[in-house]
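As structure tokens, the structure follows; a few thoughts come after it.
Model, not experiment: these values are computed from the prediction.
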Amino acid sequence: MSSITQHFSYGEDYLTAGIALKIAQGKTQGIISETSRKKIKKSRQIVENIVEKGAPVYGINTGFGPLCTTKISKEETNILQSNILQSHSVGVGEPIDTEIAKLMLILKIQSLSKGYSGIAEETLDRILWHIDNDAIPIVPCQGSVGASGDLAPLSHLFLPLLGLGKVEYQGKTITTAALFKATGLQPLDLGPKEGLALINGTQFIAAHAVQVVSKLQSCLSQADIIGAMMIEGLQGSVKPFFEELHQLRPYKGNIHVATRIKSLLKDSEIMEDHIDCDRVQDPYSLRCMPQVHGSSRNAWLHLKELLEVELNSVTDNPIIINEDLTISGGSFHGQPLAMAIDYACLAASELGNISDRRIYLSLEGNSPGVPKLLMQDTGINSGYMILQYTTAALASENKGLCFPSSADSIPTSLGQEDHVSMGSIGGRKALRVIDNVEKILAIELLTAAQAFEFRKPLKSGAILNEIHKELRTVVPFAEKDRVFADDIEKGIEIIKNRVILTIANETAEKEQLSIDTQFSDIFENY
């Protein structure tokens with residue numbers, strides 16, 4: 001970590017999805033400032049005072065959930081905290097992505113460092129050690145209902161504090177016992193309320209939402225660029241992207257998309273070549289990109305704004321306000337994010353849906369100069385016909401995944417927790433949809449580039465030309481059938497690695513274009 005020059009102060013600085021990812025990726029180091037440490041110590045002292053006085057306070061000297069009326073003796077409060085981590089570790093299914101688990105640690109320490117949870121400094125420093133040394137706990141993906149905190153996944157996340165569970169360390173999955181043997185660490189003895197503070201919260205939901213915000217933004221930005229290339233390939237009209245139109249219906253996302261696409265089409269020889277054609281209007285999948293892409297971008301922005309509130313909130317229970325006020329409330333409930341994640345899931349699905357329509361449109365052979373199925377010699381060759389079968393399958397799968405998880409609720413904890421958010425399921429599902437959208441966009445990139453080829457020797461604007469040129473270094477023009485799965489895999493890699501966004505930024509800077517910031521991959525600046 002010595003080479004890192006950027007630092008983030010947990011509990012004090014404002015956390016965004018972008019900063020959280022930079023910490024997770026080792027580009028920024030998270031620290032706990034002295035200001036935050038003073039708040040943490042003060043909150044811890046209040047909890048210890050409560051234990052000494054003996055007055056019942058939920059989760060400190062009482063049982064949990066339906067056992068909230070069961071008094072716990074002073075001598076048993078520490079055992080209670082160890083037991084809660086073990087009894088609540090009931091997750092099932094495949095482990096979540098290591099980056100998501102690391103994000104959970106980052107988001108949890110941000111919340112606990114606010115100084116309202118009664119956590120001990122030693123416990124937070126151990127969590128920091130896990131982050132800084134990439135000893136990331138193994139967390140099963142299923143088991144949370146997203147209400148009384150993400151109880152099961154957070155319990156698994158913090159089992160290593162007790163010397164239990166498993167971690168991903170130096171490229172291997174090992175037991176925490178093996179980790180301790182290799183590093184000399186010892187299990188922690190959790191004090192009153194610490195176990196509850198660790199597992200109450202929305203960090204499983206929020207960590208998934210961080211990835212949703214990042215990956216959906218990438219899809220949105222790339223969909224605009226690929227859509228513009230498809231317009232060029234099929235010689236669509238630029239008029240639907242005029243500012244004069246969108247100022248009359250000024251949604252943020254719509255204006256943003258229209259401006260970007262119009263900028264991409266600027267100075268295009270392909271556009272000039274058919275300026276006097278007799279076509280009146282284009283199909284919706286071309287003409288309505290500002291409305292459809294823009295609506296998905298509006299949904300993304302809504303999730304991003306709510307997520308930032310969550311990332312800088314205290315989601316523990318009970319909350320330690322001061323010596324005289326401890327509040328047992330519901331700030332662990334995932335509903336605020338759950339509904340927005342479902343909205344973003346739908347937004348992602350629609351982005352893939354309209355992309356599939358443009359792919360279908362490119363195969364019809366109705367655009368002058370572009371052959372049916374994007375290949376001259378068909379009959380013996382099927383051309384790009386079957387690639388659209390794949391996007392149709394992916395788009396259909398996404399539609400089935402769009403049922404809102406937050407619309408469901410199953411009571412738990414013997415009725416004490418009688419309304420739950422299911423935001424944990426929504427977060428996992430949204431990432432599945434986005435993964436499918438990345439594949440659809442990869443196939444649209446291939447088909448748009450193939451159509452684009454038939455416009456030669458005419459050129460487009462600098463950015464689209466450079467993107468097409470880069471694609472051709474890994475996926476050649478198809479004159480006859482080949483194993484298109486290989487092309488698709490290369491396309492998916494380009495989309496996932498955000499190659500076309502990098503090219504757009506570099507070309508805009510090189511050509512001194514005024515649109516460079518509109519292709520920024522730094523989504524927190526939008």
Point-to-point distance, once rounded to the nearest 0.5 Å, from [atom1] of [X] to [atom2] of [Y]:
X: Leu151; Y: Asn200; atom1: CG; atom2: CG; result: 6.0 Å
X: Phe332; Y: Leu196; atom1: CZ; atom2: CG; result: 9.5 Å
X: Ser82; Y: Asp189; atom1: OG; atom2: CG; result: 8.0 Å
X: Arg37; Y: Leu124; atom1: CZ; atom2: CG; result: 7.5 Å
X: Leu337; Y: Thr202; atom1: CG; atom2: OG1; result: 6.0 Å
X: Glu438; Y: Leu445; atom1: CD; atom2: CG; result: 13.0 Å

For the pair [X] (side chain) and [Y] (backbone), establish whether a donor and an acceptor sit closer than 3.5 Å, ignoring hydrogens and angles.
X: Asp13; Y: Phe8; result: no
X: Ser113; Y: Gly11; result: no
X: Asn317; Y: Gly329; result: yes
X: Ser331; Y: Thr315; result: no
X: Ser214; Y: Val210; result: no
X: Ser144; Y: Pro153; result: no
X: Lys193; Y: Ser117; result: yes
X: Gln203; Y: Met104; result: no
X: Asp97; Y: Glu99; result: yes
X: Asn398; Y: Ser349; result: no

Closest approach of [X] to [Y] (non-hydrogen atoms, all atoms of both residues):
X: Ala206; Y: Leu311; answer: CB-CD2, 4.3 Å
X: Leu220; Y: Arg297; answer: CB-NH2, 3.5 Å
X: Ile434; Y: Ala348; answer: CG1-CB, 3.8 Å
X: Ala152; Y: Val90; answer: CB-CG2, 4.0 Å
X: Ile19; Y: Tyr14; answer: CD1-O, 3.6 Å
X: Ile40; Y: Leu112; answer: CG1-O, 4.2 Å

More than 12 heavy atoms from other groups under 6.0 Å of [atom1] on [X]:
X: Glu323; atom1: CD; answer: yes
X: Gln25; atom1: CD; answer: yes
X: Ile321; atom1: CD1; answer: yes
X: Lys166; atom1: NZ; answer: no
X: Glu493; atom1: CD; answer: no

Checklist entry - Residues in side chain to side chain donor-acceptor pair (under 3.5 Å) with Thr175, at least two apart? => result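 Thr175 satisfies side chain to side chain donor-acceptor pair (under 3.5 Å) with no residue once adjacent residues are dropped.
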Item to check | Worked check of side-chain hydrogen bond (donor to acceptor under 3.5 Å, both in side chains) between Ser9 and Ser33 | outcome: CA-CA 6 Å; Ser9 183; Ser33 69; 3.3 Å; yes
Item to check | Verdict with supporting geometry, Glu466 and Thr507, side-chain hydrogen bond (donor to acceptor under 3.5 Å, both in side chains) | outcome: CA-CA 7 Å; Glu466 285 300 315; Thr507 305; 4.9 Å; no
Checklist entry - Would you call Lys114 and Asp316 a salt bridge, taking side-chain N to carboxylate O under 4.0 Å as the test? => result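 Salt bridge: no.
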Next on the checklist: With a 4.0 Å cut-off on N to O distance, would you call Lys102 and Asp134 a salt bridge?
Outcome noted: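 Between Asp134 and Lys102 there is a salt bridge, with a charged N closer than 4.0 Å to a carboxylate O.
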Next on the checklist: I'd like to know whether Ser424 forms a side-chain hydrogen bond (donor to acceptor under 3.5 Å, both in side chains) with Asp150, so could you lay out the CA-CA distance, the side-chain angles of the two residues, the decisive distance to 0.1 Å, and finally the verdict.
Outcome noted: CA-CA 8 Å; Ser424 52; Asp150 289 309; 4.6 Å; no
Do we see a donor-acceptor contact under 3.5 Å between the side chains of [X] and [Y]?
X: Glu168; Y: Thr98; value: no
X: Gln45; Y: Asn49; value: yes
X: Thr502; Y: Glu506; value: no
X: Ser295; Y: Gln291; value: no

Report yes if the side chains of [X] and [Y] come closer than 4.5 Å at any heavy-atom pair, otherwise no.
X: Gln6; Y: Gln29; result: no
X: Leu216; Y: Leu303; result: no
X: Val437; Y: Leu441; result: yes
X: Leu346; Y: Cys402; result: yes
X: Leu162; Y: Leu190; result: yes
X: Ile440; Y: Asn353; result: no
X: Gln142; Y: Arg428; result: yes
X: Ile131; Y: Tyr10; result: yes

Next on the checklist: Going by salt bridge (Lys or Arg N to Asp or Glu O under 4.0 Å), name the residues that satisfy it together with Lys38, two or more places apart in sequence or in a different chain.
Outcome noted: none
Next on the checklist: Just to verify, what does Glu52 make a salt bridge (Lys or Arg N to Asp or Glu O under 4.0 Å) with, not counting sequence neighbours?
Outcome noted: Lys74
Checklist entry - Could you go step by step and tell me if Lys304 and Glu308 meet the salt bridge (charged side-chain N to carboxylate O under 4.0 Å, His left out) rule? => result CA-CA 6 Å; Lys304 174 183 173 293; Glu308 288 187 5; 3.2 Å; yes
Item to check | Audit row: Glu121, Arg44, salt bridge (charged side-chain N to carboxylate O under 4.0 Å, His left out) steps and yes/no | outcome: CA-CA 9 Å; Glu121 271 190 286; Arg44 183 70 205 147; over 6 Å; no
Item to check | Worked check of ring pair (Phe, Tyr, Trp, His ring centres under 6.0 Å) between His256 and His293 | outcome: CA-CA 10 Å; His256 182 81; His293 290 199; over 10 Å; no
Next on the checklist: Counting the benzene-type ring for Trp, do His88 and His156 have ring centres under 6.0 Å apart?
Outcome noted: no
Checklist entry - salt bridge (charged side-chain N to carboxylate O under 4.0 Å, His left out) between Asp435 and Lys496: does it pass, once the steps are laid out? => result CA-CA 9 Å; Asp435 184 65; Lys496 286 186 177 293; 2.8 Å; yes
Item to check | Steps toward side-chain hydrogen bond (donor to acceptor under 3.5 Å, both in side chains) verdict (Ser296, Glu350) | outcome: CA-CA 7 Å; Ser296 292; Glu350 281 301 286; over 6 Å; no
